[in-house]
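Okay, so here's the structure we're looking at.
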Amino acid sequence: MIQDMNVNISHAFYYVAAKFSSGNAFVNAVKKAFGAVTVYDENKSFDNPYITDMQTVQSFLHGGGQTYRTYRVFLDDVCPDLTRAGMSGFCTMISYFEESNIIALSFHYGLKGISSDKVIGIRQSGVNKEYDFRGEMHSCTSLAEKIRKALGLLPHVETSYLCEVTKFGDEKTLDDIEEKHIKLLYGLMTGDEGYHFVPEDLVRERLANFWGSRDFMRIYAGRQSFLFINLLKTPRQQAYLDRQTQFGTDTYGSLNPYFYMEDCPLTVNHGILFSVEFAMLLRALINEVLAFQTEYKNKKFISYYKRIRETRELRRKIIKVLEKVEQTKIAEIGELSAVLLASQHIVPIVEQVKYLLELLEGDLTMIYSERNNALMTVLTVLGLLLAVWQVILAL
């Protein structure tokens with residue numbers, strides 16, 4: 001067990017079929033429901049350090065705008081008593097992905113000097129642990145439900161867990177951590193307190209999906225769970241900062257603020273939050289498709305034309321989100337997204353879902369045509385009967 005760890009945690013809930021006509025309508029609804037909010041804008045200045053960190057990362061990695069259009073609102077009053085909770089920071093953010101009509105509600109907090117066992121406990125049940133929020137005891141789960149109802153959202157269809165470790169005891173390198181604590185990494189990601197007794201080949205299989213473009217940071221991804229080792233204030237990270245300072249000063253006259261970023265409870269360092277959102281966005285869309293396919297036969301009073309339109313819209317959403325990987329300007333970010341998609345087993349499922357939607361559309365189109373043909377037959381017969389009746393009347 002490691003006694004001294006610094007971690008940043010993100011619990012996120014994803015909702016589909018949000019009933020907002022636009023991103024601005026979403027922002028107005030959040031303002032109306034909660035009052036004290038801060039609307040994120042990459043072009044404005046804010047005192048909030050979390051928002052500043054997000055702006056810095058977004059500007060550096062995405063040129064000021066992500067490939068998928070997102071509206072974000074921070075709930076200023078939704079924060080526990082940090083001293084009593086033992087947290088170094090906390091923020092609540094609601095994000096609306098306009099093109100996919102999906103909402104992500106995420107809670108982010110930092111913890112300093114805690115043991116690895118406590119981090120594993122957070123993975124197991126931290127989303128249900130209660131804290132004092134202005135005299136009311138709430139967990140992330142109960143808060144999410146309260147916020148969901150206030151915005152009139154359907155129950156969530158996906159959740160995700162992201163743990164960023166910025167201090168791993170006295171360890172200074174990723175190689176040492178993997179050599180000495182490979183099973184602990186598995187335990188931290190999965191929440192398995194019995195990690196000591198898990199066969200090493202299974203551990204390595206579960207940690208097979210990983211990515212890292214620097215030798216002091218690496219993200220491991222599993223089903224709905226992401227572990228990000230980001231060794232700040234270590235010799236390798238300092239050497240990297242020195243090199244970037246030299247290169248940035250010589251080439252551009254100064255070093256981009258992105259490289260000065262330190263510990264941030266928002267889990268946005270290196271753009272990890274954005275990539276996790278992207279993977280979970282697709283998972284939520286897949287769930288929406290499966291639910292639609294299961295229920296469409298029971299929707300007797302909805303026109304077949306409307307069902308066909310909904311089917312085509314679902315396929316369009318999935319294809320559009322997948323296109324975002326190819327549109328990413330920085331190759332490393334695109335590679336990270338690809339790794340995270342593989343970790344969620346999304347790519348083969350997406351192909352099946354796209355095929356399913358094609359079959360469903362074909363089925364609906366055929367039924368729609370049959371109904372139209374039947375209607376035309378009835379109208380033709382009625383027309384003939386009317387003509388015969390007119391002839392009879394004329395005699």
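Here the structure is a predicted model, which is why all the values come from computation and not from measurement.
The closest side-chain heavy-atom distance from Ser254 to Tyr252 is not below 4.5 Å. In this structure the side chain of Asn24 reaches within 4.5 angstrom of the side chain of Tyr71, judged on heavy atoms. Side-chain contact between Thr173 and Asp215 is absent, with no heavy-atom pair separated by less than 4.5 Å. In this structure the side chain of Glu277 never reaches within 4.5 angstrom of the side chain of Thr70, judged on heavy atoms. Gln238 has its side chain within reach of Leu241: a pair of non-hydrogen atoms, C-beta onward, lies under 4.5 Å apart. Here the side chains of Phe259 and Thr245 are not in contact, with every heavy-atom distance at 4.5 Å or above. Between Val73 and Thr38 there is no side-chain heavy-atom pair separated by less than 4.5 Å. Between Ile94 and Ile103 there is a side-chain heavy-atom pair separated by less than 4.5 Å.
Atom CG of Leu75 and atom CG of Leu143 lie 9.5 Å apart (nearest 0.5 Å). Here the straight-line distance linking atom CG of Asn209 with atom CZ of Arg223 works out to 10.5 Å at 0.5 Å rounding. From Cys264, atom SG reaches atom CD of Glu164 across 8.0 Å, with rounding to the nearest 0.5 Å. Atoms CZ and CZ, on Phe97 and Phe278 in that order, are 11.0 Å from each other to the nearest 0.5 Å. Residue Lys112 holds its NZ atom at 3.0 Å from CG of Asp263, rounded to the nearest 0.5 Å. Interatomic distance, Asn6 CG to Leu111 CG, rounded to the nearest 0.5 Å: 9.0 Å.
When every heavy atom of Arg84 is checked against every heavy atom of Asp132, the shortest pair comes out as NH1-OD2, 2.7 Å. Among all heavy-atom pairs drawn from Lys31 and Val37, the shortest one is CG-CG2, 3.7 Å. Nearest heavy-atom pair across Cys91 and Leu266 is SG-CD1, 3.5 Å. Contact detail for Phe46 and Thr52: the closest heavy-atom pair is O-OG1, 3.5 Å. For Met87 against Pro80, the heavy-atom pair with the smallest separation is SD-CG, 4.0 Å. Lys44 approaches Gln55 most closely through the heavy-atom pair O-NE2, 2.6 Å.
Judged by distance alone, with hydrogens and angles left aside, the side-chain atoms of Arg283 form no donor-acceptor pair with the main-chain N or O of Gln224 at under 3.5 Å. No side-chain donor-acceptor contact under 3.5 Å links Ser225 to the backbone of Gly222. Side-chain atoms of Gln237 do not come within 3.5 Å of backbone N or O of Leu231 as any donor-acceptor pair. Put simply, the side chain of Thr251 gets close to the backbone of Phe247: a donor and an acceptor are under 3.5 Å apart. At distances below 3.5 Å, not a single donor-acceptor pair connects side-chain atoms of Lys183 with backbone N or O atoms of Tyr195. At distances below 3.5 Å, not a single donor-acceptor pair connects side-chain atoms of Thr267 with backbone N or O atoms of Asn8. Between the side chain of Ser125 and the backbone N or O of Asn128, no donor-acceptor pair lies under 3.5 Å. Looking only at distances, no side-chain donor or acceptor of Glu158 sits under 3.5 Å from a matching main-chain atom of Met280. In this structure, the side chain of Arg123 engages the main chain of Met189 through a donor-acceptor pair within 3.5 Å. At least one donor-acceptor pair under 3.5 Å links the side chain of Glu99 to the backbone N or O of Arg69.
The neighbour count for Asp47 CG, taken as heavy atoms of other residues, nucleotides or ligands under 6.0 Å away, does not exceed 12. The environment of Arg206 atom CZ is sparse: at most 12 non-hydrogen atoms of other residues, nucleotides or ligands sit within 6.0 angstrom. Around atom CZ of Arg148, more than 12 heavy atoms belonging to other residues, nucleotides or ligands sit under 6.0 Å away. Other residues, nucleotides and ligands place no more than 12 heavy atoms under 6.0 Å from the CG atom of Asp170.
Placement of Leu232 and Met217 in two distinct hydrophobic clusters is found when ILVMFWY residues are connected by side-chain heavy-atom separations under 4.5 Å, directly or transitively. Under the 4.5 Å side-chain heavy-atom criterion for Ile, Leu, Val, Met, Phe, Trp and Tyr, Met1 and Leu185 are members of distinct hydrophobic clusters.
Taking the centre of each ring, Tyr50 and Phe74 stay at or above the 6.0 Å mark.
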Steps toward ring-ring contact (aromatic ring centres under 6.0 Å, His included) verdict (Phe90, Phe133): CA-CA 11 Å; Phe90 187 99; Phe133 285 80; 5.7 Å; yes
Met261/Asn230 under side chain to side chain contact (heavy atoms under 4.5 Å, CB included): CA gap, chis, key distance, verdict: CA-CA 12 Å; Met261 284 184 62; Asn230 183 26; over 6 Å; no
Stepwise side chain to side chain contact (heavy atoms under 4.5 Å, CB included) test for Phe274 and Gln58: CA-CA 9 Å; Phe274 300 147; Gln58 183 170 317; 4.2 Å; yes
Criterion side chain to side chain contact (heavy atoms under 4.5 Å, CB included) on His108 and Leu273, from CA distance to verdict: CA-CA 11 Å; His108 309 260; Leu273 175 65; 3.9 Å; yes
From CA spacing to verdict: ring-ring contact (aromatic ring centres under 6.0 Å, His included), Tyr161, His11: CA-CA 5 Å; Tyr161 171 81; His11 300 291; 5.7 Å; yes
Verdict with reasoning, Val119 to Ile2, per side chain to side chain contact (heavy atoms under 4.5 Å, CB included): CA-CA 10 Å; Val119 179; Ile2 302 296; over 6 Å; no
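The aromatic rings of Tyr15 and His156 stand perpendicular to each other, their planes meeting at an angle above 60°, with 30° marking the opposite boundary. Classification of the His181-Phe168 ring pair by plane angle, with boundaries at 30° and 60°, yields tilted. In this pair, Phe107 and Phe13 present their aromatic rings perpendicular. The plane angle is above 60°, beyond the 30 to 60° band. Tyr240 and Phe216 have tilted rings, their planes meeting at an angle from 30° to 60° on a 0 to 90° scale.
No hydrogens or angles considered: nothing links the side chains of Asp242 and Gln246 as a donor-acceptor pair under 3.5 Å.
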